[in-house]
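First the proteins, then the strands, lettered A, B, ... as listed; each starts at 1. As the structure is a computational prediction, the values presented were derived from the model and not from experiment.
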Amino acid sequence: MEKIKTIRGVRDICYPRSSVWDKIEKICSSVLEGYAYRRIHIPVIEFTSLFSRSIGEETDIVSKEMYAFKDRKGRDIALRPEGTAGVVRAVIENNLLQGSSREKLYYSGPMFRYERPQEGRYRQFYQIGCEVFGSRQPETDAETAAAALEIARKCGAGGLDLRVNSVGCDECRPPYRRKVADFLAENSGELCEDCMRRKDTNTLRVLDCKKNKCRSVFKNIPVLKESLCSPCAEYYSDYRSLLEALGCSFTEDTGLVRGLDYYTGPVFELEADKGGVIAAGGRYDGLVKKLGGPDIPACGWAFGLERLESASDITASRLPAVYIMLMPGGDAGLCRSAAAALRKSGVSVEENYEDISPGKKLKDADRKGAGWALFVGEEETVKGFYSLKNLMTGEQRKVPGDELEKVSREFACE
RNA sequence: GUGGGUGUAGCUCAGGGGUUAGAGCACCUGGUUGUGGCCCAGGAGGCCGCCGGUUCAAAUCCGGUCACCCACCCCA
């Protein structure tokens, strides 16, 4: 029979990676719950229109990267390409903003984009994100960025670079976009191929071009920061001061433009020395209203789990930490009670009652990376002790049955 | 969507028209049925990614296709 394989750009997450992911997710939720974000679980499938309306019809994500299809009744359905749209929909649909002026939510799970896979990029990928609704204060923007930074640090990410910018609001961005378009039209002869295309499809993206040729042309391009309306400029300036006050060092990047249409005001990208851009987000004040809700401001961000993993230095848990093996003439009941006692102390335990040689069991323990082996054979059963062997050093000692829980803290289980 | 690279054992890779396709590591068995790693002896494991073409003969040459990797585009 022919083997069935995974489809392109998706993969199984097996141990030890699965264990690392669990730890990262735990770090994320504990940091976010420290900021009083509450978890929300939203569907993986939604009406396609949710995404086209929020992310933008003309964006790459919607126009060519969505897994979109018709269901059995002919409705247009899509696998979510990102999390924010669904959370906003859920907030509106569940009236989460009634009575309370603010709501802080976080989510995690798989997202889907039909892209060509490469390093740190998959067709099914995982994001962990958060959203704050009902606050239009720079403190909130700064706080969310600070939380992202805290998560990255707690995951051991190195070489962090928080880059910030403001993309302006509906008042100041359209005029600015026209200024840039005019500038590009005047200098079109000197642009690279990509920028020629971008100037029509995604005008502000040209600011992000890395080619030297374009960079030198862009030395005189209008800068968004100088075109911001005064409320936006003031907001952005407060935001930066607050980041400083929170001890978040950052760099300003006037070329930083998000690819999703809904952003307004401050945006950021968090880059690490490994994993590239591991998180990004910003303010999106018009989106709730645009999706049929009240006119409520909001901001948020998302981490790419695969990228956060690359940046992190987290290692997998030892599973098992202790490997209990029944030996000839031993009492299985003693194995079971030892296992129960250790598990009660939070230790990961595997028991092996197979009728095979101790050497094989030990080899299995070794291969699984267990830190300790615990033997129960005839002598242990008769005299009432456990033989405990440190598999890293090879040392072995006798532990009285009632002292097992006492030594359990030695079994590093993290 | 564009460009480049690579597909041979579980893994990393050699071989480049001509008999039974190799190595290292990993795996299995035994030496050692109360002790893993080291050592020794033996063993198993491949339609040489897939389809087609050229040829007396293809893992090897040609075409196509699929997959993976890298970069671009774009994005987390």
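- For B:G36, the base has no donor-acceptor partner in the side chain of A:Lys361 [N/O atoms by modelled type, under 3.5 angstrom].
- Between A:Glu131 and A:Tyr37, every side-chain heavy-atom pair lies at or beyond the 4.5 Å cut-off.
- Comparing A:Arg121 and A:Glu269 against RNA chain B, the residue whose closest nucleotide sits nearer the 5' end is A:Arg121.
- The side chain of A:Phe375 sits closest to B:G34 out of B:G34, B:C69, B:C75.
- At whole-Å resolution of the value, CE in A:Met66 and P in B:G1 are 17 Å apart.
- Nucleotides B:U32 and B:G37 are separated by 15 Å at their C1' atoms, to the nearest Å.
- When side chains are defined from C-beta on, A:Ser237 does not count as touching A:Tyr235, because their heavy atoms never get closer than 4.5 Å.
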- Query: When you look at A:Glu378 and A:Met327, which way does the side chain to side chain contact (heavy atoms under 4.5 Å, CB included) test go after all the steps?
  - Reply: CA-CA 7 Å; A:Glu378 189 174 355; A:Met327 311 267 274; over 6 Å; no
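- Using a 4.0 Å heavy-atom cutoff across all strands shown, A:Gly120 reaches at least one base atom of the nucleic acid.
- Once the 5.5 Å centre distance and the 30° plane angle are applied, the aromatic ring of A:Phe303 is found not to be stacked with the base of B:A76.
- Rounded to whole Å, the C1' atom of B:G15 lies 9 Å from the corresponding atom of B:A59.
- Using a 4.0 Å cut-off, some side-chain N or O of A:Arg8 falls inside it from OP1 or OP2 of B:C68.
- Note on A:Ala280: only backbone sugar-phosphate atoms sit closer than 4.0 angstrom, heavy atoms only; bases stay farther off.
- The residue A:Gly394 sits close to a base: some heavy atom pair falls under 4.0 Å.
- The residue A:Ile278 sits close only to the backbone: its heavy atoms come under 4.0 Å of sugar-phosphate atoms, none of a base.
- Residues A:Arg11 and A:Tyr122 bring a donor and an acceptor atom of their side chains to less than 3.5 Å of each other.
- In this model, the phosphate group of B:C70 is not approached by any side-chain N or O of A:Arg116 to a distance below 4.0 Å at OP1 or OP2.
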- Note on the structure: Dot-bracket for RNA chain B, 5' to 3', Watson-Crick and G-U pairs with both distances under 3.5 Å, [ ] for crossing pairs, | for partner on another strand, reads (((((((..((((....[...)))).(((((.......))))).....(((((..]....))))))))))))....
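- Side-chain contact between A:Leu362 and A:Met325 is present, with heavy atoms from C-beta onward closer than 4.5 Å.
- A residue-by-residue look at A:Ile356 and A:Ala302 shows that A:Ile356 has its nearest nucleotide of RNA chain B further toward the 5' end.
- The side chain of A:Glu119 lies closest to B:C70 when the candidates are B:C73, B:C70, B:C75.
- Closest approach to the A:Gln396 side chain among B:U35, B:G36, B:A76 is made by B:U35 (side chain taken as heavy atoms from C-beta onward).
- Across all strands shown, A:Glu379 has heavy atoms under 4.0 Å from base atoms, whether or not it also approaches the sugar-phosphate.
- Side-chain proximity of A:Leu362 to the nucleotides B:A76, B:C74, B:U35 is greatest for B:U35.
- Nearest nucleotide to the A:Lys363 side chain, out of B:C28, B:C73, B:G34: B:C28.
- Crowding of A:Arg343 atom CZ: a count of heavy atoms from other residues, nucleotides or ligands under 6.0 Å exceeding 12.
- Phosphate proximity of B:A71 to A:Gln118: present, with a side-chain N or O under 4.0 Å from OP1 or OP2.
- Among the atoms of the strands shown, base atoms are found under 4.0 Å from some heavy atom of A:Arg113.
- Applying the 4.0 Å criterion to OP1 and OP2 of B:U29, one finds that A:Lys360 has a side-chain N or O inside that range.
- In this structure, CG on A:Asp141 lies 9.0 Å from CG on A:Leu243, to the nearest 0.5 angstrom.
- Here the separation of B:G63 from B:A58, taken at their C1' atoms, is 14 Å to the nearest Å.
- For a distance-only test at 3.5 Å, the side chain of A:Glu271 fails to qualify as a donor-acceptor partner of the base of B:A76.
- Other residues, nucleotides and ligands contribute only 12 or fewer heavy atoms inside 6.0 Å of the OH atom of A:Tyr114.
- Counting non-hydrogen atoms under 4.0 angstrom, A:Arg197 reaches the backbone sugars and phosphates but no base.
- Backbone-only engagement by A:Gly359 is indicated by non-hydrogen atom pairs under 4.0 Å involving sugar-phosphate atoms exclusively.
- Between the side chain of A:Arg367 and the base of B:G37 there is no donor-acceptor pair of N/O atoms closer than 3.5 Å.
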